[in-house]
Amino acid sequence: MDTADQSAAIVARVREAAAAHTPLMISGSGSKNFLGRRVTGIPLAVGGHRGILHYVPEELVLSARAGTPLADIETALATRGQMLAFEPPSFGTAATLGGTIAANLSGPRRAYAGAARDFVLGCRIVNGKSEILHFGGEVMKNVAGYDLSRLMAGAFGTLGVLLEISLKVLPRPEAETTLVCERDETSAIELMNRWAGRPLPLSATAWSEGRLYVRLSGPAPAIAAAAAGLGGEHLPRAEEFWRDLREHTGAFFTDPRPLWRLALPSTAAPLALDGPGIVTWGGMQRWVKTGVPADQVRARTAAAGGHATLFRPARDASPAEDPFTPLTPALQHLHQRLKAAFDPAGILNPGRLYAGI
Amino acid sequence: MSAAPATLFTDLRAVLPGDALLIREEELRPYECDGLTAYRALPLAVALPHTVEEVVNVLRLCRARGVPVVARGAGTGLSGGALPHAEGVVLSLARFNRILEIDPLARSARVEPGVRNLAISEAARPYGLYYAPDPSSQIACTIGGNVAENSGGVHCLKYGLTVHNVLALEALTIEGERLTLGGRAADAPGYDLLALLMGSEGLLAVVVEATVRLLPLPQCARVLLAAFDSVVTAGNAVGAIIAAGVIPAGLEMMDRLAVEAAEDFVHAGYPRDAAAILLCEVDGDEQEVAAALARVQEILKHAGARELCVARDEAERQLFWKGRKAAFPAVGRLSPDYYCIDGTIPRSKLAEVLTRIAELSREHGLRVANVFHAGDGNLHPLILYDANTPGELARAEALGAAIMELCIAVGGTITGEHGVGVEKINQMCVQFTPAELEQFHAVKRAFDPAGLLNPGKAVPTLARCAEYGRIHVHRGELRFPDLERY
């Protein structure tokens with residue numbers, strides 16, 4: 001694995017940009033360019049700033065430079081029987097750790113293990129004043145100072161350029177099996193919720209095209225006992241099924257219509273938007289392919305207690321103007337103030353998340 | 001009484017009912033400190049609002065008049081986070097003590113901030129659910145305070161801290177503006193302000209409602225006791241368990257001094273001659289627990305455990321835990337005073353740090369009992385001293401500072417779960433650079449430009465860092481002596 005410390009060069013670029021008030025467009029591998037708003041700025045490539053810095057399996061911690069390919073990290077963990085429990089999607093082979101955390105992307109295990117943000121223990125960033133700052137650390141419990149490292153998860157680089165990230169990692173489960181049965185969407189959502197209220201070794205659930213999928217992970221005897229209790233058939237090649245769902249490589253995702261991600265309370269009834277849908281994360285995340293106008297999608301989702309992201313625009317369409325659910329005026333004001341607290345010149349990925357921040 | 005407070009009281013009376021404002025000294029006295037009684041101050045007034053609207057009015061009033069506001073839950077904190085401001089108002093959320101809704105299917109509970117931590121689990125139990133974070137003061141501490149401190153507990157290695165178990169907050173800014181942070185839907189849009197509020201020690205906003213995640217109660221839990229002939233062997237055994245892929249529900253360690261004290265106090269059945277003991281709890285379904293116990297026993301034997309003993313039944317399991325949970329008061333019986341440290345270190349440094357603490361203990365001529373959450377590296381070394389012996393207090397402070405700085409030096413932190421408050425504010429100057437501290441202040445200003453919410457806590461001014469001093473905790477002044485402390 002190649003490693004390189006480019007932090008000095010990154011700091012220098014941020015310093016120049018801040019002095020000249022020139023916006024920077026931070027880019028790792030570019031694998032998430034489709035997600036979020038378009039940034040007009042000078043590219044700041046951070047993918048070369050890479051390398052695993054510290055990994056001791058018995059600490060359950062891995063620290064790496066932000067440009068480290070996610071695949072390198074997953075390989076290093078797998079050789080020691082560990083994993084990133086939030087099971088992040090990579091959307092391509094070149095995804096970096098920094099982009100994954102900046103976008104707070106989590107995969108099928110999210111509902112049962114936690115989101116990317118839940119595993120962030122610490123990070124080193126360059127803020128908009130070109131200062132290198134270190135928050136959190138490599139320990140499990142740390143309440144010294146505000147939790148600014150977790151704040152970087154989902155901030156899309158608008159508060160700081162990620163240099164290094166420390167994550168909590170977990171052992172891979174000893175055994176894993178996926179069961180499948182026929183269900184309609186409503187009863188599948190109800191079952192997902194009922195199962196989650198029982199002490200079962202759940203690690204993923206999904207409903208798609210009239211079939212309910214449940215993945216069990218843990219010690220082999222526990223899996224066998226739980227599987228016998230749940231019923232259904234064992235799904236062959238289950239790894240492929242979950243990978244296709246995570247990476248958006250399944251047939252569903254080839255539909256040319258816009259891809260919406262609806263985050264909903266897990267018990268919310270099906271929204272019945274025009275177009276095919278997939279339910280994941282125990283009911284908390286629903287993927288929908290629909291041509292229904294954005295304001296209607298958002299209104300229906302909000303009425304059900306959730307929020308909608310235009311995850312991928314329609315094929316061949318230009319990027320969406322506002323892919324993320326707009327903030328309330330009070331929160332928008334606070335976001336602007338926080339942005340100014342980290343990046344007073346407004347040079348770090350301005351507008352990637354929302355206009356004006 | 002100066003003119004300013006008099007008009008403040010008039011204004012507060014205008015927005016609060018008669019039973020919601022305390023201003024007489026004897027009424028204020030119970031609020032002069034939190035669980036860390038070494039620091040005391042009387043506020044100008046205590047507001048005890050009944051409604052969110054009243055909280056909004058108090059905040060707006062204080063904002064307009066430039067009066068500091070210190071929010072307070074049960075006041076069980078151990079770092080002085082709820083210490084009143086002498087020119088400020090204490091805003092008690094004690095009356096917000098209702099569980100508003102339990103949704104068994106969605107596994108969530110919506111509660112007011114003054115609801116006690118344990119009350120949530122008690123209300124959820126009929127549904128086979130519970131609220132996972134279990135700080136030792138859980139019988140008394142409130143969820144609002146848990147949010148302020150990002151509280152942990154014995155089970156957080158497996159089940160997470162407060163930040164992992166709160167889904168949404170309703171919070172008020174100092175302007176009295178209501179914010180909804182997070183939600184029952186995952187990954188709320190924008191910055192993760194929900195996470196930012198966790199552990200912010202009441203400096204950013206006032207929580208008026210929380211929605212927490214409930215988990216299914218495990219089918220069974222069993223605990224194993226392992227005895228070791230050296231603390232280094234015990235420390236390495238902790239790493240061996242985790243490296244083998246086992247995440248225990250609880251993994252606690254005590255050294256000989258703590259074991260002897262606990263044994264004298266509660267007769268938990270610990271081996272007195274062991275240099276250290278580990279308590280390892282596993283939970284899950286019957287088969288899973290049996291398999292994990294067998295695995296852990298094998299690992300511990302290989303790691304050099306001298307003696308292994310699985311609690312035979314629930315009564316013995318409770319007894320094993322009773323010894324651990326009584327360790328603080330038990331150690332307190334050995335010495336007139338003790339000073340509790342709360343550092344967290346990388347687990348792989350456990351043996352090294354324990355060895356170094358023993359050396360420091362000898363160098364400073366004071367005994368140290370080690371009691372800690374070994375699974376997540378959160379140490380609670382208890383420095384024994386006698387404040388009445390000239391020079392011992394200064395030695396205890398010097399030893400405490402040396403241990404905290406040791407934690408920082410091995411890549412750890414000065415506080416794992418008790419918070420900075422006023423107690424560790426000087427050590428923040430060691431852990432963070434001036435630019436990092438200034439970034440904290442900038443975040444504070446984004447929420448609270450006038451610096452009125454809990455001023456002077458959690459983050460030191462750069463001027464304060466320039467006059468770095470050291471502070472200590474005095475056992476005789478620990479309030480809530482009946483609460484378990486671990």
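Scope of the values below: all heavy atoms of this structure, side chains included, with no hydrogens, waters or symmetry mates. This is a predicted model, so every value here is computed, not measured. Naming: A, B, ... by sequence-line order, numbering from 1 per chain.
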Worksheet item: Checking side-chain contact (heavy atoms from CB on, under 4.5 Å) for the pair A:Ile125/B:Gln439: CA distance, chi angles, key distance, verdict?
Response: CA-CA 12 Å; A:Ile125 65 165; B:Gln439 186 66 72; 5.7 Å; no
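- When the options B:Thr344, B:Thr415, B:Asn378 are evaluated for a side-chain hydrogen bond (donor to acceptor under 3.5 Å, both in side chains) with A:Lys141, the one that passes is B:Asn378.
- Contacts with chain B were tallied for A:Thr325, A:Asn127, A:Leu338, A:Asp147; A:Leu338 has the most, counting heavy-atom pairs under 4.5 Å.
- For chain B, no part of A:Leu262 is nearby; none of its heavy atoms comes within less than 4.5 Å.
- A 4.5 Å side-chain heavy-atom check between B:Leu161 and A:Val143 finds every atom pair outside the cut-off.
- In plain terms, the two heavy atoms of B:Gly190 and A:Tyr354 that are nearest each other are N-OH, 3.7 Å.
- For A:Arg261, the part lying under 4.5 angstrom from a heavy atom of chain B is the side chain only.
- Of the possible polar contacts, one joining the B:Glu436 side chain to the A:His134 backbone as a donor-acceptor pair under 3.5 Å is found.
- Contact tally against chain A (heavy-atom pairs below 4.5 Å) for B:Val420, B:Leu350, B:Leu105: the top residue is B:Leu105.
- When each of B:Asn150, B:Leu193, B:Val246, B:Leu437 is scored by its heavy-atom pairs under 4.5 Å with chain A, the top score falls to B:Leu193.
- Contact annotation for B:Thr173: neither backbone nor side-chain heavy atoms come within less than 4.5 Å of a heavy atom of chain A.
- How far CG of B:Asp376 is from NZ of A:Lys168: 8.0 Å, rounded to the nearest 0.5 Å.
- Listed here is the closest heavy atom pair of B:Arg347 and A:Glu58: NE-O, 3.1 Å.
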Discussion item. Checking A:Leu148 against B:Val443 for the side-chain contact (heavy atoms from CB on, under 4.5 Å) test, could you report, in this order, the C-alpha distance in whole Å, the side-chain angles of both residues, the deciding distance, and whether it holds?
Written reply: CA-CA 9 Å; A:Leu148 300 188; B:Val443 167; 4.0 Å; yes
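- Heavy-atom pairs under 4.5 Å with chain A were tallied for B:Ala244, B:Gly284, B:Pro346; the largest tally goes to B:Pro346.
- Ranked by heavy-atom pairs shorter than 4.5 Å toward chain B, the options A:Leu200, A:Leu331, A:Val56 are led by A:Leu331.
- With a 4.5 Å cut-off on non-hydrogen atoms, B:Leu181 touches chain A through its side chain but not through its backbone.
- Heavy atoms of other residues, nucleotides or ligands lying less than 6.0 angstrom from NE2 of A:His333 number 12 at most.
- Ranked by heavy-atom pairs shorter than 4.5 Å toward chain B, the options A:Thr301, A:Thr309, A:Leu264 are led by A:Leu264.
- Of the listed residues A:Arg198, A:Glu138, A:Glu174, A:Glu131, the one with more heavy-atom pairs under 4.5 angstrom with chain B than any other is A:Arg198.
- Shortest non-hydrogen contact noted between A:Ala263 and B:Ala186 is CB-O, 3.5 Å.
- In this structure, the side chain of A:Arg337 engages the main chain of B:Arg445 through a donor-acceptor pair within 3.5 Å.
- Counting all heavy atoms, side chain and backbone alike, A:Ala330 lies closest to B:Leu179 at CB-CD2, 3.8 Å.
- Note: A:Ala196 leads A:Ala153, A:Ala196, A:Gly114 in heavy-atom pairs under 4.5 Å with chain B.
- Once rounded to the nearest 0.5 Å, the distance linking CZ of B:Arg178 with OG1 of A:Thr328 reads 12.0 Å.
- B:Lys349 does not touch chain A: none of its heavy atoms, backbone or side chain, sits under 4.5 Å away.
- Across B:Asp187, B:Leu129, B:Asp285, the residue that shares the most heavy-atom pairs under 4.5 angstrom with chain A is B:Asp187.
- Under the 30°/60° scheme for interplanar angles, the aromatic rings of B:Phe440 and A:Phe135 are found to be tilted.
- Most heavy-atom pairs under 4.5 Å with chain A: of the set B:Gly412, B:Gly239, B:Gly199, this distinction falls to B:Gly239.
- In this structure, no portion of A:Arg80 lies under 4.5 Å from any heavy atom of chain B.
- Not a single donor-acceptor pair under 3.5 Å links the side chain of B:Glu288 to the backbone N or O of A:Ile223.
- For chain A, the nearby part of B:Glu201 is the side chain; its heavy atoms alone come within less than 4.5 Å.
- For A:Phe156, no part sits under 4.5 Å from any heavy atom of chain B, backbone or side chain.
- Of all non-hydrogen atoms in B:Pro216 and A:Pro199, the two that sit nearest each other are CB-N, 3.6 Å.
- Annotation: maximal heavy-atom pairing with chain A below 4.5 Å, among B:Thr433, B:Leu157, B:Asp103, occurs at B:Leu157.
- From A:Glu59, atom CD reaches atom CD1 of B:Ile242 across 10.0 Å, with rounding to the nearest 0.5 Å.
- With values rounded to the nearest 0.5 angstrom, A:Arg117 atom CZ is found 5.5 Å from B:Leu194 atom CG.
- The parts of B:Phe447 that come within reach of chain A are both its backbone and its side chain, each placing non-hydrogen atoms under 4.5 angstrom from that chain.
- In this structure, CG in B:Leu204 is found 9.0 Å from CG in A:Leu334, a value given to the nearest 0.5 Å.
- The CG atom of A:Leu151 sits 8.0 Å away from atom OH of B:Tyr191, with the distance rounded to the nearest 0.5 Å.
- Interface summary for chain B: among A:Ala115, A:Pro221, A:Gly145, the most heavy-atom pairs under 4.5 angstrom belong to A:Gly145.
- Considering every non-hydrogen atom in both A:Gly305 and B:Ala185, the closest pair reads O-CB, 3.7 Å.
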